[in-house]
Amino acid sequence: MTETPAGTRIRLRVKPGARRDGIVGPHGGALKVTVAASPERGKANRAVLDLLAGALGLAPSSLEIVAGETSPDKIVLIPLPPGEVAARLRGPE
């Protein structure tokens, strides 16, 4: 995670076409995410934003893929500070 004036940039490793949507966990310096959607016509990208937004309690429209539109390695901008992103992704303990 990297803090920016606009929020937090988080690196993702996305596996489209999975059995179900889910946040798997750390993977080589990124957060591994699986989505059932196929990687055609932006379906997987929309599913990734929906999944992250749900986990963070935000609207999908507030998140933005800033790098890796057509790659499994993506960077997403989240309009929250890094500590808040980490706490929300970790969930209640």
Side-chain angles (χ1 to χ4, degrees):
M1 280 188 255
T2 306
E3 188 168 13
T4 70
T8 301
R9 286 180 178 229
I10 187 168
R11 289 181 52 219
L12 301 178
R13 175 66 174 195
V14 178
K15 182 179 186 280
R19 287 186 178 190
R20 64 179 148 237
D21 296 351
I23 297 173
V24 177
H27 178 79
L31 182 65
K32 186 170 184 179
V33 175
T34 61
V35 291
S38 64
E40 55 194 35
R41 296 189 304 272
K43 290 178 187 176
N45 286 342
R46 284 189 297 277
V48 166
L49 294 180
D50 288 344
L51 175 66
L52 278 179
L56 294 166
L58 298 170
S61 61
S62 67
L63 307 180
E64 178 186 359
I65 296 174
V66 294
E69 274 293 315
T70 60
S71 168
D73 297 310
K74 301 182 185 308
I75 298 176
V76 175
L77 178 62
I78 302 167
L80 295 170
E84 185 71 20
V85 171
R88 289 187 186 195
L89 288 177
R90 201 170 27 251
E93 298 187 19

Visitor: Between T2 and I75, is any pair of side-chain heavy atoms under 4.5 Å apart?
Guide: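 Not in contact.
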Visitor: Hydrophobic cluster membership, with links at side-chain heavy-atom distances under 4.5 Å among I/L/V/M/F/W/Y: are L31 and V24 in one?
Guide: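 Not linked; separate clusters.
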Visitor: In Å and rounded to the nearest 0.5 Å, what is the CG to CG distance from L52 to L58?
Guide: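 If we round to the nearest 0.5 Å, L52:CG and L58:CG are 9.5 Å apart.
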Visitor: How long is the span from the CD1 atom in I78 to the CG atom in L56, to the nearest 0.5 Å?
Guide: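 With rounding to 0.5 Å, CD1 (I78) is 5.0 Å from CG (L56).
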Visitor: Return yes if some donor-acceptor pair links the side-chain N/O of K74 with the main-chain N/O of G68 below 3.5 Å, else return no.
Guide: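 Yes, because the side chain of K74 sits within donor-acceptor range (under 3.5 Å) of the backbone of G68.
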Visitor: Could you measure the distance from the CG atom of L63 to the CG atom of N45? Nearest 0.5 Å is fine.
Guide: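 One gets 12.0 Å once the value is rounded to the nearest 0.5 Å.
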Visitor: Could you give all pairs that pass the side chain to side chain donor-acceptor pair (under 3.5 Å) test and reach residues 12-27, with sequence neighbours left out?
Guide: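 Every pair satisfying side chain to side chain donor-acceptor pair (under 3.5 Å) with a residue in residues 12-27: R13-D73.
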Visitor: My understanding is that only one of L12, T8, V85, V14 makes a side chain to side chain contact (heavy atoms under 4.5 Å, CB included) with V76; could you say which?
Guide: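 Among the candidates, only L12 passes.
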Visitor: Taking the side chain as every heavy atom from C-beta outward, state whether L51 and T34 have any pair of such atoms under 4.5 Å apart.
Guide: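 No; the side chains remain at least 4.5 Å from each other.
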Visitor: Distance from L89 atom CG to I23 atom CD1, nearest 0.5 Å?
Guide: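 Interatomic distance, L89 CG to I23 CD1, rounded to 0.5 Å: 5.0 Å.
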Visitor: Looking only at heavy atoms, which two atoms of L80 and R88 are closest? And how far apart?
Guide: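 It is CD1-NH1, 3.7 Å.
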Visitor: What are the two closest non-hydrogen atoms of A37 and A47, and how far apart are they?
Guide: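 Nearest heavy atoms, A37 then A47: CB-CB, 3.9 Å.
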Visitor: Mind listing the closest non-hydrogen atom pair of P39 and A44 along with its distance?
Guide: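 What the structure gives for the nearest pair is CA-CB, 3.9 Å.
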